[in-house]
Amino acid sequence: QVQLVESGGGLVQAGGSLRLSCAASGRSFSTYTMGWFRQAPGKERDFVAVIRQSGDITNYADSVKGRFTISRDNAKNTVYLQMNRLKPEDTAVYYCAATRNTYYIGSSAYTNGPTYDYWGQGTQVTVSS
């Protein structure tokens with residue numbers, strides 16, 4: 001069992017930056033591929049970014065590519081999402097997720113929520129105009 005807790009959300013103006021953190025409990029954090037998803041009110045949960053166990057292999061949704069950076073610190077059992085040049089359309093609840101399943105980094109499997117076995121409760125990000 002893995003417990004995930006997100007933090008770092010808040011209110012920021014368009015063009016600003018925010019860094020989200022996801023702390024994982026338990027052992028063997030380094031064996032999990034970690035993902036970030038987001039969900040706006042009344043919308044489906046959408047893929048944002050994924051990072052493999054190595055920490056060097058990542059993939060991003062086109063909507064955030066070049067603006068967001070996913071990273072991890074296995075010694076701290078934590079995954080991060082650095083968000084720059086934020087836009088109002090980035091407003092959503094952001095969730096981290098974990099899976100032990102391994103695929104090609106560009107596989108659609110990593111963009112689908114059901115691929116992931118564990119989820120955090122989410123943290124709210126609001127971007128004002």
Side-chain angles (χ1 to χ4, degrees):
Q1 183 65 43
V2 176
Q3 183 177 7
L4 305 174
V5 180
E6 302 94 336
S7 63
L11 176 64
V12 64
Q13 293 188 66
S17 298
L18 210 58
R19 189 177 79 154
L20 307 183
S21 298
C22 175
S25 66
R27 305 180 67 185
S28 302
F29 174 75
S30 63
T31 69
Y32 290 90
T33 292
M34 302 295 297
W36 283 98
F37 288 73
R38 64 187 183 184
Q39 187 169 21
K43 305 295 183 180
E44 294 185 344
R45 190 169 298 185
D46 292 329
F47 167 77
V48 176
V50 61
I51 185 167
R52 286 281 299 277
Q53 300 95 324
S54 69
D56 294 329
I57 304 175
T58 60
N59 196 23
Y60 300 88
D62 288 341
S63 59
V64 306
K65 194 171 299 181
R67 299 189 298 121
F68 290 11
T69 302
I70 187 172
S71 62
R72 67 192 296 161
D73 186 339
N74 289 341
K76 296 182 178 180
N77 282 12
T78 302
V79 62
Y80 305 94
L81 185 68
Q82 178 66 47
M83 305 183 294
N84 298 324
R85 302 191 302 280
L86 283 160
K87 306 174 181 179
E89 50 262 46
D90 294 319
T91 295
V93 176
Y94 283 70
Y95 300 87
C96 66
T99 179
R100 280 186 165 179
N101 295 319
T102 301
Y103 307 94
Y104 161 64
I105 191 60
S107 172
S108 62
Y110 283 135
T111 72
N112 295 326
T115 294
Y116 297 83
D117 303 303
Y118 305 101
W119 292 83
Q121 294 184 349
T123 185
Q124 176 71 47
V125 172
T126 302
V127 184
S128 62
S129 300

Got Leu4 and Met34 here, is their nearest side-chain heavy-atom distance under 4.5 Å? yes
Is a side-chain N or O of Arg72 found less than 3.5 angstrom from the main chain of Phe29, in a donor-acceptor match? yes
Nearest 0.5 Å please: distance from the OG atom of Ser30 over to the CZ atom of Arg52. 12.5 Å
Rounded distance (nearest 0.5 Å) linking atom CD of Gln39 with atom OH of Tyr95: 5.0 Å
Can you tell me if Arg100 uses its side chain to pair, donor with acceptor, with the backbone of Asp117 under 3.5 Å? no
Is the closest basic N to carboxylate O distance between Lys87 and Asp90 below 4.0 Å? no
Taking atom CG of Leu20 and atom CZ of Phe68, what is their separation to the nearest 0.5 Å? 8.0 Å
Contact summary for Trp36 and Ile70, nearest pair of heavy atoms: CD1-CD1, 3.5 Å
Could you check whether Tyr103 and Tyr110 have their ring centres less than 6.0 Å apart? yes
Is it true that a side-chain atom of Thr123 and a backbone atom of Glu6 form a donor plus acceptor pair closer than 3.5 Å? no
Minimum heavy-atom separation for Ser17 to Asn84, with atom names? OG-OD1, 2.9 Å
When you measure from the side chain of Tyr60 to the backbone N and O of Arg67, does any donor-acceptor pair fall under 3.5 Å? no
Atom CG in Leu18, atom OG1 in Thr126: separation rounded to 0.5 Å? 9.5 Å
